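Heads up: the structure comes next, in structure tokens.
Below, read A as the first sequence line, B as the second, and so on, with proteins coming before strands; counting in each chain starts at 1. Here the structure is a predicted model, which is why all the values come from computation and not from measurement.
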Protein chains: 2
Amino acid sequence: MPRAGLSAGAVIERGAQLLDESPADALNLSTVAESFGVRTPSLYKHIDGMPGLQRGIRILAKASLGSAVAQSAVGRSRGDAITAMAMAYRRWALQHPGQYPLTTSAPLPGDTEEIEVSTAFLDVIFSVLAGYELEGDNAVDATRFFRSTLHGFVALETEGSFAMPVDLERSYARLVRSIVTALESWGRE
Amino acid sequence: MPRAGLSAGAVIERGAQLLDESPADALNLSTVAESFGVRTPSLYKHIDGMPGLQRGIRILAKASLGSAVAQSAVGRSRGDAITAMAMAYRRWALQHPGQYPLTTSAPLPGDTEEIEVSTAFLDVIFSVLAGYELEGDNAVDATRFFRSTLHGFVALETEGSFAMPVDLERSYARLVRSIVTALESWGRE
DNA sequence: CGCATTAGCTAATGTCATTAGCTTTAGCGG
DNA sequence: CCGCTAAAGCTAATGACATTAGCTAATGCG
């Protein structure tokens, strides 16, 4: 019985990777175990079953997307920042088609670690919106608008729901321009 | 062996109903069968296994959402129509939280029936956008923007991803206003 | 009324997640 | 070096589902 040298992190990363490689097939423990040359029950020494694996991937994915988006906004503000973030968001999603859907699922109530990661992502958006001097509910509405629009496009695109033979880059660029314009006058109107 | 009087339609409707009642638990054939007081394999006489059931629910859901949205736009145009459609879209989704996610999944390639239903929905949006005199790629971009924004908000809302304690109605109304404004100047700019 | 069709059933198989409990490895203090 | 404990991995067993094969009984049409 040579040891395989697993760890929670390794299992979760492998799960995430397998998910991205074939987003169609549902992730299962047998596949993860097999990819390590290990029997399925062995994984339970490292993760808390399927729910634990999913939670781990969710946290990993949210953190990764969050930092990609945050980085894209460094040194930019307002329209520039919004555009950069939108591009980074979509790029990350296209590169991680399996993980992406997990980034929008809510944390389990009371799961402080996952709540923290989710919140960190929101904070990035809030910081950028600060450049528009939006306050209170207006800022929340604007954040929701921003997230909704990005998520909607990316979700529909990755699900293959945009059937028309028209360039997606172009459509997305146009959508982002509309977001920027909308945010310009968000407080007024 | 008294007959239960099943039919493809009945099975599919029951599946859809169960899905809406507890969107969290994945749909399974045992539950559907049990709800009819019938053994699981009996369902195969009416539907083509799990994939067939899912396809049936998908078609049902797309048709239902499509007609709700279409009806809402009757007798309205431009901003009025857009607003009415957006409200109808969200209302339908909140009333059918289990079925909603299926409405955005792409039909299997070659499945003419499902493709037709999906297309019918798009056509409704195109008709309304005709009021803005958008042509070709511009119309496609605008449609994508519209769908993305609605879907994004509704998806995030039904997944419980909007955590902040700020009124969702208000945020959605504000989002819809931004869509209307964006469409006003879609061709120019 | 007889017969073909079809609905529903039981039995069997396969996949997957999960738990219990065993065995061996690894690493640490003497 | 040696033994001991903790942890890693294993096998075996169970239970939920989906699916298929093949039987039996109800239905409905001539």
Side-chain angles (χ1 to χ4, degrees), chain A residues 1-61 98-99 101-102 105 107-108 111 114, chain B residues 1-61 98-99 101-102 105 107-108 111 114:
Chain A
M1 247 198 274
R3 295 258 167 130
L6 300 191
S7 70
V11 172
I12 289 168
E13 274 175 38
R14 182 64 55 88
Q17 182 187 328
L18 292 172
L19 208 46
D20 283 335
E21 279 165 14
S22 43
D25 342 340
L27 182 65
N28 61 5
L29 293 182
S30 326
T31 312
V32 175
E34 195 182 358
S35 85
F36 281 116
V38 140
R39 301 305 190 134
T40 308
S42 308
L43 298 179
Y44 286 76
K45 292 283 149 122
H46 304 283
I47 55 162
D48 210 2
M50 197 63 188
L53 176 59
Q54 301 195 128
R55 169 178 177 275
I57 301 180
R58 236 170 17 237
I59 291 178
L60 189 67
Q99 290 182 71
L102 301 182
S105 40
L108 293 176
D111 184 336
E114 188 173 351
Chain B
M1 250 197 271
R3 296 255 169 136
L6 299 191
S7 70
V11 172
I12 289 168
E13 275 174 37
R14 182 63 56 88
Q17 181 187 328
L18 292 172
L19 208 46
D20 283 336
E21 279 165 15
S22 43
D25 342 340
L27 184 65
N28 61 3
L29 293 181
S30 325
T31 311
V32 175
E34 196 182 356
S35 85
F36 280 116
V38 141
R39 301 305 190 134
T40 308
S42 307
L43 298 179
Y44 286 76
K45 292 284 150 122
H46 304 283
I47 54 162
D48 210 1
M50 197 62 187
L53 176 59
Q54 301 195 127
R55 170 179 176 273
I57 300 180
R58 238 171 15 239
I59 292 178
L60 188 67
Q99 290 181 70
L102 302 181
S105 41
L108 292 175
D111 183 337
E114 189 174 349

* Quick one: side-chain hydrogen bond (donor to acceptor under 3.5 Å, both in side chains) pairs with a partner in residues 42-52 of chain B, sequence neighbours left out? ->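 Listed once each, the pairs would be none.
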Rounded to the nearest angstrom, tell me the gap between atom [atom1] in [X] and atom [atom2] in [N].
| X | N | atom1 | atom2 | value |
| --- | --- | --- | --- | --- |
| A/L53 | C/dT18 | CG | C1' | 14 Å |
| A/E34 | C/dA17 | CD | P | 12 Å |
| B/R3 | D/dA26 | CZ | C1' | 4 Å |
| A/K45 | C/dT25 | NZ | P | 15 Å |
| A/Y44 | D/dT14 | OH | C1' | 13 Å |
| A/F36 | D/dC10 | CZ | P | 12 Å |
| B/R39 | D/dC17 | CZ | P | 14 Å |
| A/L43 | D/dA7 | CG | C1' | 15 Å |

* Structure fact -> Side-chain contact check for A/S42: nearest option of D/dT19, D/dA8, D/dG9 is D/dG9
Within the structure provided, determine whether [X] and [Y] are in side-chain contact (heavy-atom separation under 4.5 Å).
| X | Y | result |
| --- | --- | --- |
| A/L19 | A/L102 | yes |
| B/Q17 | B/D20 | no |
| A/L43 | A/L53 | no |
| A/D25 | A/T31 | no |

* Quick one: does B/R14's side chain have a donor or acceptor within less than 3.5 Å of a partner on B/S35's backbone? ->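 Answer holds: yes.
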Output a table of nitrogen or oxygen pairs between the protein and nucleotides 11-16 of chain C separated by less than 3.5 Å.
from, atom 1, to, atom 2, distance (Å)
C/dC16, OP1, A/N28, ND2, 3.2

* **Below 4.0 Å: OP1/OP2 of C/dT6 and any side-chain N or O of B/H46** =>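 No, no such contact exists.
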